[in-house]
**Q** 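Sharing a structure, written as structure tokens. Questions coming.
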Protein chains: 2
Amino acid sequence: MDQEDIAHVRRFNRSLTRRIGALDESYLGRGRPLGQARLLFEIGPDGCDLKSLRDRIGLDSGYLSRLVGLLVEHGLVDLDSDPEDGRRRRATLTAAGLDEWRAYDELSDGFARSLLAPLDPARRQRLVGAMREVERLVAAASIELDPVSPESTEAKACLASYVGELEGRFENGFDAAKSRPRGPASQPPRLFLIARLEGRAVGCGALYDFDASAGEIKRMWVAPHTRGLGIARRLLDALESEARGAGMKRLLLDTNRSLTEAMTLYEKSGYRRIARYNDNPYADFWYEKMLG
Amino acid sequence: MDQEDIAHVRRFNRSLTRRIGALDESYLGRGRPLGQARLLFEIGPDGCDLKSLRDRIGLDSGYLSRLVGLLVEHGLVDLDSDPEDGRRRRATLTAAGLDEWRAYDELSDGFARSLLAPLDPARRQRLVGAMREVERLVAAASIELDPVSPESTEAKACLASYVGELEGRFENGFDAAKSRPRGPASQPPRLFLIARLEGRAVGCGALYDFDASAGEIKRMWVAPHTRGLGIARRLLDALESEARGAGMKRLLLDTNRSLTEAMTLYEKSGYRRIARYNDNPYADFWYEKMLG
DNA sequence: CCATATATCTGACTTAAGTCAGATAAATAG
DNA sequence: CTATTTATCTGACTTAAGTCAGATATATGG
């Protein structure tokens, strides 16, 4: 990463900050402080309970209570108890509040429009495309890997998605029980990693012991909407580095012919096809990589 | 421009706002309110006079005075009168101020680095490229066209750059006096347009009367660092629309063989090669367009 | 039922950020 | 030299934004 790349990112941040500040300014044009405006906008046409508002915008509970109070006072918001949990309170927009919400929505739309309008169609498409690219790659950069227990809710949720997907993709469906790694029955993995994007699990991968000097990679999965961000690559790298740290000399893995992206990844990462080394009924190809 | 494009721009704004907010947070980590931190950072290693600070950040003069006062009090900034204009005051960083400036600079660098670091080199390049594209296109969208007097300082500055460039590009140099449009001596243009990017003139173009039913486009120029943003196209469109409004049926223009981008633009915009219609010694090609 | 946790509210604060009306001193136009 | 403009400063304000320590009422696990 050279200094010039960094300078570009900094310039980008600066120029965007200024521009986005302009959106805030336009919000102020409705004579309401930014905090209240944002809150009103976040409550939205469907309403919202205060707890989730607090989580989303990150406000002190006392402060939030007062801000909502002001909106109620101005006749923009109604506040009732949540029927399911008497401690919680739900905020919903009144008719006047909904009008205001629409006005803010219009401002945001108008702002976006003002970025696109002066451009010819070709440049417009390029801008939208570049924005999407920036967004995706910035998301990719904010992925975090965390070791978790394979028994944790998060791990189980990932595995369920993994199984669900294989069921759909494999010609004969998939039954997780038949694809256990060998060794002592239901041997736990040495490391189970979760990939998180803004706190939500969007991928997983596990490293198992195979024999005294080898490990096995299994349960590699990435949520469909986050593919192409290099998450699988990072999971694989992290698992390999753990394997090296544990003194393993060799890594094994198997895969199904329908998982073409996975096979591409393995081959790019230095895995080479070998003969069948297990009796996994879902495996079509077997790979190994010597750890240097 | 469809609703989906707008939704993309809005999502982009939202996700970037959050991320850029994180940079502000990191600035706060040095125990100084954001206003002071930004001011210190803007003063920079070379110092700066208060007037230009005010223009750049847009602060109330009283407020700025007090903010700088605080920085002086904390031993971070020195304040002296400008030797050239006794009303102005120059702020310069003390040794301690410079250390602080470096710390903020490091934070910005670190922030940029944290966006790039988790990515593999290919994705890193894609991110930097996409950021540059967004920046350029957003700049393109914020270009504004203004009619000005051809005698104004801005117009003269543009024309000077235009002449300077032609001198360099034409095989036999360029003398503006020899390339006057025909008609009553030094006839003023019907419309002289300036293209502005963030207040600075980065391009120009003029529409002259040629005869009772035709106009002539001349003095089309775009600053080198802003080429590729579609500025010339927008200037040309605006001049044509003025010509239509004035009842002109036909537009003429001439150009030199070395101005290849210009020729491409004219041809894409519907201009067709015609025979020589004037005695401009620098012209190699002549074009016309019928206004529909 | 009890202890504890959770969601919200209230009161009493602090601080940042900014506005506005002059005052002051230096530059500039005539 | 005088009137006006310009750049900055000072004093007196306002408002937004946020923090913190309880108080209160409701859920939840045992």
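Each chain gets a letter, A, B and so on, in the order its sequence line appears, and its residues count up from 1.
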**Q** What does B:Leu34 touch in the nucleic acid at a heavy-atom separation under 4.0 angstrom: a base, only the sugar-phosphate, or nothing?
**A**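 Counting heavy atoms under 4.0 Å across all strands, the contact made by B:Leu34 is with sugar-phosphate only.
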
**Q** So for atom CZ, which belongs to A:Arg30, do other residues, nucleotides or ligands contribute more than 12 heavy atoms lying within a distance under 6.0 Å?
**A**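 For A:Arg30, atom CZ is crowded (more than 12 foreign heavy atoms under 6.0 Å).
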
**Q** Would you please confirm or rule out a distance under 4.0 Å between OP1 or OP2 of D:dA16 and any side-chain N or O of A:Arg32?
**A** no

**Q** Let me know the distance between CG of A:Leu64 and P of C:dT8, rounded to the nearest Å.
**A**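 Spelled out: CG on A:Leu64 to P on C:dT8 is 8 Å.
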
**Q** Provide, to the nearest angstrom, the distance between the CZ atom belonging to A:Arg38 and the C1' atom belonging to D:dG18.
**A**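 One finds 14 Å between C1' of D:dG18 and CZ of A:Arg38, rounded.
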
**Q** Do A:Phe12 and B:Leu115 have side-chain heavy atoms sitting under 4.5 Å apart?
**A**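 Heavy-atom side-chain distance check fails, nothing below 4.5 Å.
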
**Q** How long is the line joining CZ of B:Arg88 and C1' of C:dT24, in whole Å?
**A** 18 Å

**Q** Have a look at A:Gly62 and say if it touches a base, only the backbone sugar-phosphate, or nothing, with a 4.0 Å heavy-atom cut-off.
**A**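 It contacts base atoms.
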
**Q** Expressed as a whole number of angstroms, how long is the span from B:Leu59:CG to C:dA16:P?
**A**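 After rounding, the reported distance stands at 15 Å.
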
**Q** Report the distance from atom CD of A:Glu167 to atom CD of A:Glu165, rounding to the nearest 0.5 Å.
**A**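 Here the rounded value is 11.0 Å.
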
**Q** Describe the nucleic acid contact of A:Gly35 in one word from base, sugar-phosphate, nothing, applying a heavy-atom distance below 4.0 Å.
**A**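 The answer is sugar-phosphate, as A:Gly35 gets under 4.0 Å only of primed atoms, P, OP1 or OP2.
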
**Q** Rounded off to whole Å, could you give me the NZ-to-P distance for the A:Lys51 and C:dT8 pair?
**A** 7 Å

**Q** Quick check on DNA chain D: between A:Glu84 and A:Ser61, whose nearest nucleotide comes earlier from the 5' end?
**A**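 Closest to the 5' end, via its nearest nucleotide, is A:Ser61.
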
**Q** If the cut-off is 4.0 Å, is A:Arg89 near the phosphate of C:dC9, judged by side-chain N/O to OP1 or OP2?
**A** yes

**Q** Measure from the side chain of A:Arg87, starting at C-beta and using heavy atoms only, and say which of C:dC9, D:dA17, D:dA25 lies closest.
**A** D:dA25

**Q** Once you apply a heavy-atom cut-off of 4.0 Å, does B:Leu79 come out as touching a base, just sugar-phosphate, or nothing?
**A** sugar-phosphate

**Q** Establish whether the base of C:dG11 is bridged to the side chain of A:Arg66 by a donor-acceptor pair shorter than 3.5 Å.
**A** yes

**Q** Could you state the CG-C1' distance from A:Leu50 to D:dT26, rounded to the nearest angstrom?
**A** 15 Å

**Q** Between atom CG in B:Leu67 and atom P in C:dG18, what is the gap in whole Å?
**A**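 Distance, rounded to whole Å: 8 Å.
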
**Q** Could you check how far CG of B:Asp60 sits from C1' of D:dC13, rounded to whole Å?
**A** 12 Å

**Q** Would you give the length of the straight line joining atom CG of B:Leu50 to atom CZ of B:Arg89, rounded to the nearest 0.5 angstrom?
**A**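 Answer rounded to 0.5 Å: 7.5 Å.
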
**Q** Would you say the side-chain atoms of A:Trp221 pair up with the backbone N or O of A:Gly203, donor to acceptor, closer than 3.5 Å?
**A** no

**Q** Choosing from D:dC9, C:dA27, D:dA17, which nucleotide comes nearest the side chain of B:Asp85?
**A** C:dA27

